[in-house]
Chemist: 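Here it is, the structure in full.
Everything quoted here is computed from the prediction, not taken from an experiment.
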Amino acid sequence: MAIERTLSIVKPDAVENHRIGAILAMIEEAGLKIRGMRMLHLTRPQAEGFYAVHKERPFFGELVEFMTRGPVVVSVLEGDDAVKRYRDLMGATNPAEAAEGTIRKRYAKDIGENAVHGSDSADNAKIEVAYFFPGYEL
Ligand code: CMP
């Protein structure tokens, strides 16, 4: 299996609810290595740029509003098959469908305020890591 990197975001709802530590603990306990980390409050252009693939979706405005509501923690995770392993750990986008023991089952409220983001492919992970860690040596 290939060593991969993936981008994780602890979203504003989870930061507001003091879940940063609990979520990072779940990530580390799952055996994923944290290779880089920043806390930042996304600007509207940053959030719109990050989610540009969704700009035609009806929920885009709501998504940008939510992601700029408060600070987030972005991190780069590394490990064998990291993209899929982190997606499995997050659980389904809609927490109502998320499996027991997943981050979203424990900490997400609904499909909009769903606690975490993870890249959906190794190619997108490269783009997303570069978006938040441009020029960083990780
Ligand atoms: P994320 O994995 O960050 O990628 C896109 C985000 O859009 C997703 O998590 C959700 O937070 C959000 N999203 C997806 N579908 C909906 C929806 N139907 N209503 C509101 N937000 C959504």
Side-chain angles (χ1 to χ4, degrees):
M1 232 174 292
I3 298 273
E4 287 177 343
R5 288 181 173 181
T6 191
L7 185 89
S8 158
I9 306 179
V10 178
K11 295 186 179 184
D13 57 331
V15 174
E16 285 160 12
N17 294 330
H18 314 289
R19 301 303 189 191
I20 300 170
I23 290 171
L24 296 178
M26 287 177 76
I27 288 170
E28 291 197 305
E29 280 157 17
L32 290 162
K33 255 188 211 153
I34 299 172
R35 291 298 302 260
M37 183 173 293
R38 297 175 62 198
M39 187 170 197
L40 73 164
H41 193 145
L42 293 178
T43 63
R44 180 166 284 271
Q46 269 177 319
E48 287 172 349
F50 184 75
Y51 281 119
V53 291
H54 296 304
K55 70 173 182 293
E56 305 305 334
R57 302 283 196 93
F59 57 80
F60 184 68
E62 195 184 312
L63 176 60
V64 170
E65 204 59 47
F66 166 57
M67 290 300 292
T68 55
R69 183 170 92 189
V72 299
V73 175
V74 292
S75 49
V76 179
L77 311 181
E78 186 179 86
D80 275 336
D81 206 17
V83 171
K84 179 175 186 305
R85 280 169 60 206
Y86 185 51
R87 288 185 73 79
D88 289 348
L89 180 65
M90 288 193 300
T93 305
N94 184 349
E97 292 158 17
E100 287 300 331
T102 61
I103 295 172
R104 285 172 172 154
K105 179 72 180 182
R106 280 190 199 163
Y107 301 125
K109 187 177 94 181
D110 56 37
I111 195 167
E113 300 199 11
N114 64 355
V116 281
H117 166 83
S119 310
D120 64 3
S121 68
D123 285 346
N124 280 339
K126 289 193 181 105
I127 295 168
E128 294 184 354
V129 167
Y131 194 84
F132 285 114
F133 297 87
Y136 284 67
E137 292 281 335
L138 298 175

Chemist: Going from CG on N94 to CG on D110, what distance comes out if it is rounded to the nearest 0.5 angstrom?
Modeler: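 Reported value, rounded in 0.5 Å steps: 8.0 Å.
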Chemist: With under 30° as parallel and over 60° as perpendicular, where do the rings of F50 and H117 fit, or are they tilted in between?
Modeler: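 The rings of F50 and H117 stand perpendicular, inter-plane angle above 60°.
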Chemist: Side chains of T93 and R104: closer than 4.5 Å at any heavy-atom pair?
Modeler: yes
Chemist: Got a salt bridge between E4 and R85, using NZ or NE/NH1/NH2 to carboxylate O under 4.0 Å?
Modeler: no
Chemist: What I want to find out is whether E28 reaches K33 closely enough, with some N-O distance under 4.0 Å, to be called a salt bridge.
Modeler: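 So E28 does not pair with K33 through a salt bridge.
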Chemist: Check this for me: K105, atom NZ, are more than 12 non-hydrogen atoms of other residues, nucleotides or ligands nearer than 6.0 Å?
Modeler: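 Enclosed: over 12 neighbouring heavy atoms sit under 6.0 Å from NZ of K105.
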Chemist: Do NZ/NE/NH1/NH2 and the carboxylate oxygens of E113 and R69 come within less than 4.0 Å?
Modeler: yes
Chemist: Is any side-chain heavy atom of V116 closer than 4.5 Å to a side-chain heavy atom of Y86?
Modeler: yes
Chemist: Taking the inter-plane angle between the rings of H54 and Y51 on a 0 to 90° scale, is it parallel (under 30°), tilted (30 to 60°) or perpendicular (over 60°)?
Modeler: tilted
Chemist: What is the distance from atom CG of D120 to atom CD of E128, rounded to the nearest 0.5 Å?
Modeler: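 Going from CG on D120 over to CD on E128, the span is 7.0 Å.
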Chemist: Grab the two heavy atoms, one from Y107 and one from I23, that are nearest each other, plus how far apart they are.
Modeler: CD1-CG1, 3.8 Å
Chemist: Side chains of N114 and K11: any donor to acceptor distance under 3.5 Å?
Modeler: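 Looking only at side-chain atoms, N114 and K11 do form a donor-acceptor pair, the distance falling under 3.5 Å.
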Chemist: Any chance you could measure L7, atom CG, to S75, atom OG, to the nearest 0.5 Å?
Modeler: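 Answer for the CG-OG pair, L7 versus S75, is 7.0 Å.
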Chemist: Are side-chain heavy atoms of S121 and N124 found at a separation under 4.5 Å?
Modeler: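 Yes - at least one pair of side-chain heavy atoms lies under 4.5 Å apart.
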Chemist: What I'd like to find out is whether the side chain of I27 reaches to under 4.5 Å of the side chain of S8, using heavy atoms alone.
Modeler: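 I27 vs S8: side chains touch.
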Chemist: Does one hydrophobic cluster hold both L63 and I111, with members joined at side-chain heavy-atom distances below 4.5 Å?
Modeler: no
Chemist: Do F132 and V72 have side-chain heavy atoms sitting under 4.5 Å apart?
Modeler: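 No, every pair of side-chain atoms sits at 4.5 Å or beyond.
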Chemist: Can you tell me how far the CZ atom of R44 sits from the CD atom of E65, to the nearest 0.5 Å?
Modeler: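 So the CZ of R44 and the CD of E65 are separated by 5.0 Å.
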Chemist: Are the side chains of V76 and I34 in touch, meaning some heavy atoms are under 4.5 Å apart?
Modeler: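 With C-beta onward as the side chain, the pair stays apart.
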